[in-house]
Asks: 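Next up is a structure, given as structure tokens.
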Amino acid sequence: MLTIGEKQFHSRLFLGTGKYPNMDIQKEAVDVSGTEVLTFSVRRMNVFDASQPNFLEKIDLNRYQLLPNTAGAKTAKEAVRTARLAKASGLCDMIKVEVIGCDKTLLPDPVETLKATETLVKEGFIVLPYTSCDVVLSKKLEEIGAHAVMPGASPIGSGQGIINPTNMRFIVEQANIPVIVDAGIGSPADASLAMDLGADAVLLNTAVSQAKDPVRMAEAMKLGIEAGRLGYEAGRIPRKRYATASSPTEGISIG
Ligand SMILES: CC(=O)[C@@H](O)[C@H](O)COP(=O)(O)O
């Protein structure tokens, strides 16, 4: 069971809702994924005007924990304003802080992410910041009260998988709050590796929504995450420099 703040989840897959070929495929992929947490950009929701198009209209939002994100924010001030808007419109009390510091790489701005997280924690939000894959930054976010950290595997939408597994492992080893690997996951194997490294969950979007068959990929991601978690809990064998025979020969009399 995954616990974030006072909320508990069975599924360790957090799913993004953008870039699906159409809303029917989006709904089916969400269903099949088994996710309990959906993220979406607050800026893409017409939060105060029900007559406007709603890109989540096929999904029964009451069935999910909503995790609006502050995508589009480039400063702490903008992220805080977006989070307050989400809360005021009744979307939720949980927020994914996303403050982009570089237009080309879409990597997060660590200073502004820290500032936004600090403010929103003080205002009573459950705050999940998207961060670079950096152990010191993750610890600082934890110290100021973040409820989970979301280090990026690689740039958003790149599908490169975890480009720095060593740093990711350091973050996991030192965290006392959940670590949710976010962004850049390309395949079920990448998601499985995240869990194998000890992550508590994975947030992904593009790998499913842009797959040739998003619905089957949603299922594959679910299974990859479950397998990775099961393997992590089962305890992998240590890596050894040399071979050890799978059929030991000691005590066997046949020459
Ligand atoms: C939807 C969302 O929150 C993205 O910003 C997130 O970082 C996912 O990234 P991928 O699309 O690379 O999975």
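Counting starts at 1 for both ligands and their atoms, in listed order.
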Asks: Other than Tyr242, what residues sit in its cluster of Ile, Leu, Val, Met, Phe, Trp and Tyr side chains whose heavy atoms are under 4.5 Å apart, directly or through others?
Replies: none
Asks: For Met94, what are the other residues in its hydrophobic cluster, where any two members join if their side-chain heavy atoms are less than 4.5 angstrom apart?
Replies: Leu2, Ile4, Phe9, Phe14, Val37, Leu67, Ile126, Leu128, Met150, Ile180, Leu203
Asks: Should the pair Lys222-Glu226 be classified as a salt bridge under the 4.0 Å nitrogen-to-oxygen rule?
Replies: yes
Asks: Could you pull out all donor-acceptor pairs under 3.5 Å where a side-chain atom in residues 152-163 meets a protein atom, sequence neighbours excluded?
Replies:
from, atom 1, to, atom 2, distance (Å)
Ser154, OG, Ser158, OG, 3.3
Ser154, OG, Gly161, N, 3.4
Ser154, OG, Gly161, O, 2.8
Ser154, OG, Gly184, O, 3.2
Ser158, OG, Pro155, O, 2.7
Ser158, OG, Gln160, N, 3.3

Asks: Determine whether a donor-acceptor pair (N or O, by modelled atom type, separation under 3.5 Å) exists between the side chain of Gln210 and the backbone of Thr206.
Replies: no
Asks: What does the 4.0 Å heavy-atom contact list look like for ligand 1?
Replies: Thr39, Asn69, Lys96, Glu98, Ile156, Gly157, Asp182, Ala183, Gly184, Leu203, Leu204, Asn205, Thr206
Asks: What pair of heavy atoms forms the shortest contact from Gly224 to Ser192, and how long is it?
Replies: O-OG, 3.1 Å
